[in-house]
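Start at 1 and go down the list; that is how both ligands and their atoms are numbered. The first residue of the sequence shown is numbered 1, and numbering continues consecutively from there. We use all heavy atoms of the structure for the numbers below, so side chains are in, but hydrogens, waters and symmetry mates are not.
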Amino acid sequence: MSINVLPPGVSGKNFEKALKEYSAIVGPENVHVSSDSLGSYQKIMIPVEASEYAPAGALAPGSVEEVQEILRVCNKYKIAVWPVSTGKNFGYGSASAATKGQMILDLRRMNKIIEVDADLGTALVEPGVTYQQLKNYLVENNIPLWLSCPAPSAIVSPLGNTIDRGVGYTPYGEHFLFSCGMEVVLADSQVLRTGMGSMENSKSWQVFKWGYGPYLDGIFTQSNYGIVTKLGLWLMPQPPAFKPFVVRYPKDTDIEMLVETIRPLRISNIIPNAVVISHALWEGGSYLNRKDYYQGEGAIPDEAVDRMKADNGIGAWNIYAGLYGSPEQNELNWKIVKGAFEATGGLVQEEEEMKGNETFEYRAKLMRGEMTLHEFGLYNWRGGGGSAWFAPVAQAKGDDTLEQMDLGKRILGKYGFDYVAEFIVGWRDMHHIIDLLYDKTDPEETKRANQCFDELLTEFTARGWGSYRTNTAFMDKVADSYGPVKKDINQKIKRALDPNGIIAPGKSGIYN
Ligand SMILES: Cc1cc2nc3c(=O)[nH]c(=O)nc-3n(C[C@H](O)[C@H](O)[C@H](O)COP(=O)(O)OP(=O)(O)OC[C@H]3O[C@@H](n4cnc5c(N)ncnc54)[C@H](O)[C@@H]3O)c2cc1C
């Protein structure tokens, strides 16, 4: 095997010995070290030099027992592994680790749907299961349950997305909230089942989240305290009627008023799903080409965005939401919702009117948990394949969102990048998601994108706005923004559970 990168602090001789032991566990065909066979594990969309994050190799176990055996070898040689489920954390670091020389632990071969309970609306899945696979299972078995998936839906993992605390667009869109019970392999190879799953022969692992005593599931999300090998999910019963709609507002500053309109509807669950408020540049960016509107230097000017809006009938802000329930419930709620938006000058458009509109159709699909890859069109907007999600949290209050938009737009503009953004409304919070799109083939632009991301983080942090999630290059900086006590506790738990630091050092800024 031709070795390119050694794990830090491990000699070539010891690494070779470890590779032999890994091969004996998973089979040589599931151990990768040469640059050729590492393929996608080396690709990274965020604005950094990929070689600084190069893996020492990749291992693909097929069972929990193999994961346990791998961790024994890791402890023996002090080699770190970075677990991925389907490894498609695009814009957050893809399948690469937070530091150079880790072994990627690719769990895609562990892809069993262990159980779906159609009556209770629960599922138990392994890391490699994709949303598409789970959807197919439901369709083939005629089970009327809906999934809630992130925009890359078909190709990504419910387990991977949920434990990185990702979001979808149905009423179950806050994914971790709708998970129930985990199986975790700890660094010492013990297997923990959380919640009711700790009991032998438990019958309620996927229905009661809390178990007894301290609730542990949270510490295995966005963390490096264990390798999650099973996850329980709650699935939504298909409602008798579903009514998706879009509401458009013409000006950027309308964000203040429209958030004030949405909040009471959302908190009272009249609109029950994770509403998306998509900016014109996200809306248009997912299917239009930037150079058709602007070919000059710097960020696209407002005048060009206005032309794009007018040509394509899109708003400065485009709200996608849905009503879920019986036809009678939806009819009643529709009167309330439509009335509220129209009273503040929103243009309300229903499904019949939007038939054939690609953007409406992909949003409607996401709001009923169906598969679509339409949003990848964002990468054609500017071209060049570079992307980094900046993801600060705002209160669901008009003034907070307006200030965040102004600040985000100003900093992006300073570095010559467009404000391609959306807000995803939880109940009381908004995930403000900005896609920093840049040309990764241009080293100067890549450097500029890195500096821009850094300034966004600095300035948002200074105003008390924390990020809900970040990419591997900025994990230390985001961890710092949450203060020294949180950092100290994170580290103490790490040292207790993983004294050799073999699981994903650097994840969320946590080292041992
Ligand atoms: C166009 C586009 C749109 C997107 N839209 C959304 C969206 O709507 N919502 C959203 O949430 N994301 C979105 N994303 C980001 C991302 O692609 C998804 O979150 C995706 O689900 C993450 O990839 P994955 O499921 O393969 O998880 P993975 O990459 O496998 O896992 C994510 C991270 O979790 C950790 N991890 C994974 N598995 C384990 C394990 N078994 N044990 C311990 N730790 C583990 C690792 O740190 C890993 O890096 C989008 C990306 C793109 C390109």
Side-chain angles (χ1 to χ4, degrees), residues 40-41 44-46 53 61 64 67 71 81-98 102 104-108 110-111 125-132 148-170 173-176 182-187 217 219-231 274 276 278 282 285-286 320 362-363 366-367 369 372-381 385-389 391 420 422 424 431 433 435 437 468-472 475 498 503-508 510:
S40 64
Y41 305 116
I44 196 159
M45 298 170 88
I46 59 173
Y53 294 82
V64 173
V67 173
L71 293 182
V81 283
W82 179 274
V84 297
S85 289
T86 43
K88 303 219 162 31
N89 216 4
F90 303 127
Y92 289 114
S94 303
S96 75
Q102 300 194 35
I104 307 304
L105 190 70
D106 182 342
L107 301 168
R108 270 181 298 184
M110 295 172 64
N111 63 355
V125 296
E126 290 190 330
V129 170
T130 60
Y131 284 99
Q132 181 73 65
S148 175
C149 48
S153 58
I155 58 173
V156 302
S157 152
L159 189 152
N161 183 274
T162 303
I163 65 166
D164 220 26
R165 299 208 289 263
V167 293
Y169 304 94
T170 71
E174 180 63 271
H175 290 160
F176 179 50
M182 287 176 176
E183 179 187 84
V184 188
V185 183
L186 301 169
D217 298 48
I219 69 164
F220 297 107
T221 64
Q222 289 193 358
S223 90
N224 51 15
Y225 299 152
I227 292 161
V228 181
T229 46
K230 290 181 185 63
L231 181 73
V276 171
S278 158
W282 187 300
S286 69
Y320 289 93
Y362 104 81
R363 289 292 186 183
L366 286 178
M367 289 192 282
T372 159
L373 297 179
H374 180 96
E375 213 161 83
F376 280 90
L378 283 173
Y379 297 125
N380 301 328
W381 170 246
S387 162
W389 304 105
V420 179
E422 67 180 14
I424 304 170
H431 291 45
I433 309 289
D435 197 355
L437 294 169
Y468 102 96
R469 186 175 175 190
T470 200
N471 64 66
T472 40
M475 286 181 169
D498 181 11
I503 300 179
K507 176 78 186 180
S508 298
I510 308 168

Residue-ligand contact [X]/ligand 1, heavy atom below 4.0 Å:
X      : value
Phe220 : no
Gly226 : yes
Pro152 : yes
Arg469 : yes
Leu378 : no

| Would you say Phe176 and Ile163 make side-chain contact, with heavy atoms under 4.5 Å? | no
Protein heavy-atom partner closest to [atom] - residue, atom, separation in Å:
atom                    : answer
atom 25 (O) of ligand 1 : Ser157 N, 3.1 Å
atom 36 (N) of ligand 1 : Pro83 O, 3.6 Å
atom 16 (C) of ligand 1 : Lys88 O, 3.5 Å

| If hydrogens are left out, which of Ile163, Thr221, Leu366 has an atom nearest to atom 43 (C) of ligand 1, that is, the closest non-hydrogen atom? | Ile163
| What orientation do Tyr362 and His374 show, parallel under 30°, tilted 30 to 60°, or perpendicular over 60°? | parallel
| Ion pair Glu375/Arg363, N-O distance below 4.0 Å | yes
| Taking it one step at a time, do Ser508 and Gln222 satisfy side-chain hydrogen bond (donor to acceptor under 3.5 Å, both in side chains)? | CA-CA 6 Å; Ser508 298; Gln222 289 193 358; 4.6 Å; no
| task | Say whether Ser157 and Thr86, considering side chains only, have a donor N or O and an acceptor N or O under 3.5 Å apart. | result | no
| message | Ignoring hydrogens and geometry beyond distance, is a side-chain donor-acceptor pair present between Asn89 and Asp164 at under 3.5 Å? | response | yes
| remark: For Leu107, the atoms of ligand 1 under 4.0 Å from one of its heavy atoms are 41 (N)
| Which atoms of ligand 1 are found less than 4.0 Å from any heavy atom of Ile227? | 42 (N)
| So is Ser85 polar-close to ligand 1, meaning N/O to N/O under 3.5 Å? | yes
| query | Counting both backbone and side chain atoms, is some N or O of Trp389 under 3.5 Å from an N or O of ligand 1? | reply | no
| field | Atom pair CD1 (Ile503) and CD1 (Ile510), whose distance is rounded to the nearest 0.5 Å | value | 11.5 Å
| message | Assess the residue pair Ser387 and Tyr379 against the criterion (side-chain hydrogen bond (donor to acceptor under 3.5 Å, both in side chains)); give the C-alpha distance rounded to whole Å, side-chain angles, the decisive distance to 0.1 Å, and a yes or no. | response | CA-CA 8 Å; Ser387 162; Tyr379 297 125; 3.2 Å; yes
